[in-house]
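Only one structure is covered here, and it is reproduced in the block below.
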2 protein chains.
Amino acid sequence: MSERSVGTLLADRSVDADLRIRTAAVLLFARRGYAATGVRDIARLVGLTNAAIYHHVSSKEELLADIMRAGQNRLIASTRRGLRGVVRPEDALAILISSLTATHGLHRMVTRVMDGELRSLTPGSAAYQEIIALRDAYEDEWRRVLARGVEEGVFRIGDPRLTRLGLMAMCTGTSEWYRPGGPAALERVCLEFVEMGLRAVRARRDGVPVTAGDTPPPDLSLVPPLPWEPPWDEAADLAG
Amino acid sequence: MSERSVGTLLADRSVDADLRIRTAAVLLFARRGYAATGVRDIARLVGLTNAAIYHHVSSKEELLADIMRAGQNRLIASTRRGLRGVVRPEDALAILISSLTATHGLHRMVTRVMDGELRSLTPGSAAYQEIIALRDAYEDEWRRVLARGVEEGVFRIGDPRLTRLGLMAMCTGTSEWYRPGGPAALERVCLEFVEMGLRAVRARRDGVPVTAGDTPPPDLSLVPPLPWEPPWDEAADLAG
DNA sequence: GTCTATACCTTGATAGAC
DNA sequence: GTCTATCAAGGTATAGAC
């Protein structure tokens, strides 16, 4: 889907303007970056003037903060939903890996903004600190799962922090290269990364290596779109 | 090292202005991003006016392209130097992982610019296509090593492309979180990632799993600074 | 809720003195 | 090789009519 047809959809005034503005903003922030995107660019994409944008949004930076906050909250919510009732550390790790990968594949634009535009928030501002806190809360889920796996003797790893950082980077990188119609389906990507992750932590149960088949399969419905992530996001090459 | 003292060093007129400008540019591009950095910001950091910058650089975008080109060329050169004469795929993979990790840890600013500012080059421009070609040439080294490992029966992996993308993201992520005085020395990071990588590809030699100890140790001197990456880059927290 | 018009600032880049 | 001065274009954000 080209930017032209996206623009046509985004200019449809029968859809709530707040949602269209957020959709356009996340699209442009992800493509060009926050600093390179003007309020006028967003306005043009939704068929409004830049002044009209300020009726819906208090400032460009607040718009960025809203997007990042929503993205982080969804990530935390879907992760905790996925982990609920899960007891075996190897199952929990598989869920962490496949849900983080799925989030970055299904919602490439929001995750790119989440992962790359923290520097665009005023350092020390309330919004900045809030996003940092959300990010830390998410990373705690990983810390807990890895620690439990080591405690129970299911994982045999070196430095837990390095292990976590390496595995998380593998998953988050997905938003940089994944394309919906590309060579690998997203479930396949999740499975492959779960497999690699389980091997990286040397997951073993009763002396036998744990493989992806022994853990819960990827559940892409765990990570639903946000209100302003339209369904055509998933099928279209919006990330350019 | 604070930006203040960095500024003092960068304003030292006994050092070649071209180098100081590149140092300042990569520092600011990495911290704030290319679009958020003004030519006046660079000029202020090196103690010149914005007009003087244009005596040394034809345009801001050309400055970015120069930095990215130099970074990519160094990565390719040090990688090929490291791989020269190496025959065993497991050794080659260890070198790919530790040199990519070392590059991203030793030269965090240049690698952040390399990895994150491709979108800031005019799409289709000569510089853009050149950088893309360099990136592809680098990735080919990975493709070759993984393919050879599979051929020789040393690696047992699923999708070679997904394996490569996952491992490369693990390594490149280093520039986002590594800090010189932090909890883990860079050699340690390289070793840990090599270990995880070898397990991820199920490297085996004579039926026995290959560990990092069986492969060449990380060689940080393989990735020397560029002329405009001063020695204090390595010790100082320039990445903010 | 959207418009036109505008205030005020910063941008990348250039001209020409020294 | 660096400066001052300047340009046109664009930035965020606001005022006030409709």
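For clarity, every value in this text was computed on a predicted model and none was experimentally measured. Chain letters run A, B, ... following the sequence lines, proteins first and then strands; every chain starts at 1. Just so it is clear, the values below take in all heavy atoms, side chains as well, and ignore hydrogens, waters and symmetry mates.
Atoms CE and CG, from B:M170 and A:L165 in turn, are 11.5 Å apart once rounded to the nearest 0.5 Å. Here the straight-line distance linking atom CG of A:D219 with atom CZ of A:R81 works out to 9.5 Å at 0.5 Å rounding.
In this structure, A:I42 atom CD1 and D:dG10 atom P are separated by 17 Å, rounded to whole Å. The CZ-P distance, from B:R40 to D:dT2, rounds to 17 Å in whole Å. Remark: C1' of C:dA13 and CG of B:D41 are 15 Å apart, rounded to the nearest angstrom.
Looking at residues two or more places apart in sequence or on another chain, you find a side-chain contact (heavy atoms from CB on, under 4.5 Å) between A:A30 and A:M109, A:R112, A:V113.
Here the side chain of B:V39 is nearest to one of C:dG12, D:dT2, C:dT11, namely C:dG12.
Between B:T23 and B:E229, the side chains place no donor N or O within less than 3.5 Å of an acceptor N or O (distance only, hydrogens not considered). Residues A:E117 and A:S120 bring a donor and an acceptor atom of their side chains to less than 3.5 Å of each other.
Not a single donor-acceptor pair under 3.5 Å links the side chain of B:T122 to the backbone N or O of B:S125.
Residues from residues 48-67 of chain B lying near DNA chain C, meaning a heavy-atom separation below 4.0 Å, are B:N50, B:A51, B:Y54, B:S59, B:K60 in numerical order.
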